[in-house]
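For ligands, and for the atoms within them, numbers begin at 1 and follow the listed sequence. A quick note: this is a predicted structure, and the numbers were derived from the prediction, not measured.
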Amino acid sequence: MKPPAPIHTARAVAHANIALVKYWGKRPGAADLNLPAVGSLSMTLDRLRSETVVAPGERDSFALDGRARAGAEARKVYEHLDRVWRASGAASPRPGCRVESINHLPTAAGLASSASGFAALTLAAAAAFGLELDRPRLSGLARRGSGSAARSLWGGFVRLDRGARDDGEDCLARPLYPADHWALRLLVVHTARGPKPIGSTDGMTRCRETSPYFDAWVATSERDLDDAEAALAARDLAALGEVVERSMFKMHACMMATRPPILYWNGATLAVIHALTALREEGLSGFATSDAGPHVKVLCAAADSERLAARLADVAGVLEVEAVDPGPDASVEVLA
Ligand code: PMV
């Protein structure tokens with residue numbers, strides 16, 4: 001019998017991304033494939049990132065931000081290592097791995113920690129296991145850890161295609177434009193502290209099973225993707241902003257109509273959205289999006305971001321406004 005291949009120590013850095021056209025809902029099929037019901041389009045963020053090291057270990061261990069983790073959180077990481085190991089075609093059982101990850105962003109607060117986290121884990125594990133796959137195929141693996149993670153393998157603007165195949169082989173992400181395509185900025189408007197009340201996987205299942213709007217959400221999303229891609233190509237912020245808000249409102253309407261309802265927003269979320277509408281009438285253009293949490297992310301021209309941030313910081317209930325630029329590709333290096 002061939003002895004198991006040694007594993008290397010590899011370190012990856014992947015940046016968070018925010019969907020401008022949202023992914024919400026899964027296709028029926030093997031749960032492990034994690035097939036999205038709709039495609040999505042995102043902007044990768046500078047600074048907000050996960051750094052992950054995968055190294056040989058006597059047994060599996062996982063530390064996040066310097067603290068050892070067990071239970072469901074660790075299991076998801078080990079299952080993902082298993083996926084990457086199987087993709088390498090190895091017949092032997094996976095050797096133990098030490099995984100250490102640092103999140104330079106708030107974890108599980110609707111700020112896409114799972115996207116950067118699973119993207120970094122996928123890249124680091126693939127390099128540690130000597131798996132030579134191209135990035136689109138690696139994005140398919142990352143998707144199985146977390147749908148949005150597929151988009152964090154590239155910087156700039158990225159599209160994740162829904163695909164049609166039951167095996168998910170055509171459900172891959174692809175880069176559209178690099179970060180310097182367009183001087184946009186995202187203002188992350190914090191409206192609460194702490195983790196979100198319901199995770200995205202449970203929320204998506206509830207939506208598919210009980211929301212009367214789910215089918216309409218799915219039926220209209222391809223059009224949104226194409227409109228957003230055209231607006232990106234033309235660098236037309238008003239057109240892009242219109243699609244960004246449309247996609248967000250449809251996703252949250254779909255969530256709110258579930259039984260029991262899912263309401264991620266708080267009063268400050270709505271106050272920010274209203275403020276943006278009023279500011280646009282003054283000629284200061286920012287467009288809202290929000291994910292599985294109460295924060296608002298505002299897409300705007302870099303040149304307007306300081307003025308907008310100052311105005312939004314004054315909205316009642318806003319805790320903090322952080323400006324983030326489009327970010328770079330994920331990177332990986334083998335350390336030993
Ligand atoms: O990748 P997940 O399972 O965390 O789901 C992400 C869902 C949203 O953030 C709400 C939308 C998106 O496309 O990122």
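Remark: ligand 1 and Lys26 share no N or O pair separated by less than 3.5 Å (distance only, no angle test). Taking any N or O of Gly147, backbone or side chain, at least one lies under 3.5 Å from an N or O belonging to ligand 1. In terms of polar-atom proximity, Ser200 is counted as a contact of ligand 1, with an N or O under 3.5 Å from an N or O of the ligand. On a distance-only criterion, Ser40 and ligand 1 share no N/O pair closer than 3.5 Å.
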Item to check | salt bridge (charged side-chain N to carboxylate O under 4.0 Å, His left out) assessment of Arg67 paired with Asp65 | outcome: CA-CA 6 Å; Arg67 192 158 66 78; Asp65 295 332; over 6 Å; no
Item to check | Intermediate values then yes/no, side-chain hydrogen bond (donor to acceptor under 3.5 Å, both in side chains), Lys250 and Ser221 | outcome: CA-CA 9 Å; Lys250 282 193 292 184; Ser221 87; over 6 Å; no
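For ligand 1 and Ser114, the ligand atoms under 4.0 Å from any heavy atom of the residue are 4 (O). Contact atoms of ligand 1 toward Asp291: 8 (C), 9 (O), 10 (C), 11 (C) (distance under 4.0 Å to a heavy atom of the residue). In the vicinity of Ala19, heavy-atom distances shorter than 4.0 Å reach the ligand 1 atoms 12 (C), 13 (O), 14 (O).
In the displayed structure, Asp170 atom CG is contacted under 6.0 Å by more than 12 heavy atoms of other residues, nucleotides or ligands.
Ranking protein heavy atoms by distance to atom 1 (O) of ligand 1, first place goes to Ser148 OG, 2.6 Å. Nearest protein heavy-atom neighbour of atom 5 (O) of ligand 1: Met204 CE, 3.4 Å. Atom 11 (C) of ligand 1 has as its closest protein heavy atom Tyr23 O, 3.2 Å.
One finds no salt bridge joining Arg280 and Glu282 here, because no Lys/Arg side-chain nitrogen approaches an Asp/Glu carboxylate oxygen to under 4.0 Å.
Of all the listed residues (Lys22, Arg151, Arg143), Arg151 holds the heavy atom that lies closest to atom 14 (O) of ligand 1.
Checking Arg259 against Thr210 by side-chain atom types alone, no donor-acceptor pair falls below 3.5 Å. Ser290 and His252 form a side-chain donor-acceptor contact under 3.5 Å, judged by distance and modelled atom types alone.
By the criterion of side-chain heavy atoms lying less than 4.5 angstrom apart, applied directly or through intervening Ile, Leu, Val, Met, Phe, Trp or Tyr residues, Trp182 is grouped together with Leu225 in one hydrophobic cluster.
Residue contact check for ligand 1: Ala115 places no non-hydrogen atom closer than 4.0 Å to it.
Listed here is the closest heavy atom pair of Ser146 and Phe118: CB-CD1, 3.7 Å.
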